[in-house]
Number of protein chains: 2
Amino acid sequence: MRSYKEIRGILQERITSQQWQPGDLLPSEQALSEEFGCTRSTVNRAMRELADAGLVERRRKAGTRVVQPKSHPATISIPVIRQEIENKDQSYKYLLLERLEALPPEDVRAQLGLEQNEKALFLKSLHYGDGIPQQLDVRWINISALPEASQESFADIGPNDWLLQRVPHPNIEHVFRADKATAEEQRLLQLQECEPVFTIERRTWISGQGITYVRLVHPGSRYRMATRSSATPTFN
Amino acid sequence: MRSYKEIRGILQERITSQQWQPGDLLPSEQALSEEFGCTRSTVNRAMRELADAGLVERRRKAGTRVVQPKSHPATISIPVIRQEIENKDQSYKYLLLERLEALPPEDVRAQLGLEQNEKALFLKSLHYGDGIPQQLDVRWINISALPEASQESFADIGPNDWLLQRVPHPNIEHVFRADKATAEEQRLLQLQECEPVFTIERRTWISGQGITYVRLVHPGSRYRMATRSSATPTFN
DNA sequence: AAGTGGTCTAGACCACGAA
DNA sequence: TCGTGGTCTAGACCACTTC
């Protein structure tokens, strides 16, 4: 008798080895459950996880087919900057540069879902590792959603850390870019001539209500984002 | 009677609304199955998916707790450049710039797992959308793993497309960077002064054998990578 | 020792959608 | 129409880990 993990591994092997090629139809759950001497539920779980991983596509009546990949799925984990710095055993320093309540630009207003003349909290801060600037955090926070933000000075705690405590599990959207550094970014991040920045734009919201919109700006020469999840994911 | 999706949604709601806060212990599967009037299996599936999504952590005997997030998980889908261009209804053009078999530099040799004096196939190609260069593809291919590559001219088919047909589901690792453009990149990608490049480094292998190592170089002003998967994933 | 989650069984009903 | 996957049940045994 085989476990769903073993079955998943066997099926995965048959796919990566191209015994089953893209477009091919896999045997039905019924057939496989007989082959492996287990119940259909067990086979179902194995195949469902392969489908979640993007290796196969399943449709009722049509069966399960090997996917012809048209893109490379990948998962990344964007660490909170303080964590990332401390994990590297560097000393972390946080510096608040600017804090004010003001009318956000139109695009930010739309992203946060604010009224026409509604103010938001603007924060600009710098994060250092071993005294070297690693991240510039330029952020708008929706005060209607988080009135406590008005009372917080953000002198000692970074807005990212603060928000993670208040709103631990928001919805998130990210955009990554390689940008030319502005003059201000060049100065604040101590960039060399022509050194680009790696920008993470993040929008968070919860049940339709915008929470924050932020640009995380990193020195191109000191930042990389890595992935270790594959089209053929390393299951546990 | 409630389905596992309804239960998952209810639990998710209790977490995002902070009725259950980070660190809090959730009721046991047993208790929840009574609350929702279903079997433990159903609750198990709901909670397992919340764990997969990173909202909770589960340990035998210790129970299930809400996670205090220390990073933002995200999933991206890196499209094959031809697909991406065609999806935007632009005309796709592919141009092979260089093709030769040679000894790769030490770091690439290590990544591909080659012997000391083993040659590999080097390819340099450009991908255009509507006549504008969108991606420079600089690549090493392991000929031991893919001897057919020696016979392929790559004059008419891009190496990415070719590889996806041969080795549809390899293991993959990615690194993303914002880099200063080299003089050659600036010329080939028609970059402006100081315009950075968004670089995707990809390593693929299958059952321990290296397949390809590639740098995909994009004009910073014409490229963005987006994510729509959240810490609180939008389940189906 | 005992409570928790992890997995499996042997069935069942049903929704979907290809033929 | 009817084969496929999607889900659920009522039970069971076990692994793990805290107490």
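For clarity, every value in this text was computed on a predicted model and none was experimentally measured. Every chain is numbered from 1 and lettered A, B, ... according to where its sequence line falls, protein lines coming before strand lines.
Atom CD of E49(A) and atom C1' of dG6(C) are 12 Å apart (whole Å). Per the geometry, OH belonging to Y4(B) stands 12 Å off C1' belonging to dG5(D), to the nearest Å. Between the CD atom of E57(B) and the C1' atom of dT18(D) there is a distance of 16 Å, rounded to whole Å. Summarising the geometry, the separation between CD on E6(A) and P on dT7(C) is reported as 12 Å, rounded to the nearest angstrom. In this structure, the CZ atom of R65(A) is 11 Å from the P atom of dG5(D), given to the nearest Å. To the nearest angstrom, C1' of dT7(C) lies 12 Å from CZ of R58(B). Distance CD (Q30(B)) to C1' (dA2(C)): 14 Å, rounded to an integer number of Å. Straight-line distance from the CZ atom of R8(B) to the P atom of dT7(D): 9 Å, rounded to whole Å.
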Under 3.5 Å, which protein N or O atoms sit close to an N or O of nucleotides 17-19 of chain C? Give each pair with its distance.
from    : atom 1 : to     : atom 2 : distance (Å)
dA18(C) : OP1    : R59(A) : NH2    : 3.2

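Taken residue by residue, residues 39-48 of chain B places heavy atoms nearer than 4.0 Å to DNA chain D at T39(B), R40(B), S41(B), T42(B), R45(B).
Using a 4.0 Å cut-off between charged nitrogen and carboxylate oxygen, E201(B) and R177(B) count as a salt-bridge pair. One finds no salt bridge joining E57(B) and R65(B) here, because no Lys/Arg side-chain nitrogen approaches an Asp/Glu carboxylate oxygen to under 4.0 Å. Salt bridge E84(B)/K88(B): absent, no basic N to carboxylate O contact under 4.0 Å.
Under 4.0 angstrom from either OP1 or OP2 of dT7(C) there lies at least one side-chain N or O belonging to K5(A). Remark: S28(A) is not in phosphate contact with dG3(D), judged by side-chain N or O atoms under 4.0 Å from OP1 or OP2.
With sequence neighbours left out, the side-chain contact (heavy atoms from CB on, under 4.5 Å) criterion links S150(A) to E101(A), I143(A). Here R14(B) pairs with E35(B) under the salt bridge (Lys or Arg N to Asp or Glu O under 4.0 Å) rule; sequence neighbours left out. With sequence neighbours excluded, the residues satisfying salt bridge (Lys or Arg N to Asp or Glu O under 4.0 Å) with E86(A) are R82(A). Listed by chain and residue number, R40(A), R58(A) satisfy the salt bridge (Lys or Arg N to Asp or Glu O under 4.0 Å) test with E29(A) (two or more places apart in sequence, or in another chain).
Checking dG6(C), dT9(C), dC8(C) against every side-chain atom of S3(A), the shortest atom distance belongs to dC8(C).
For the pair R2(B) and F36(B), the NZ or CZ position fails the cation-pi test of under 6.0 Å to the six-membered ring centre and within 45 degrees of the ring normal. A cation-pi contact links R45(B) to Y4(B), judged by a cut-off of 6.0 Å to the six-membered ring centre and 45° from its axis.
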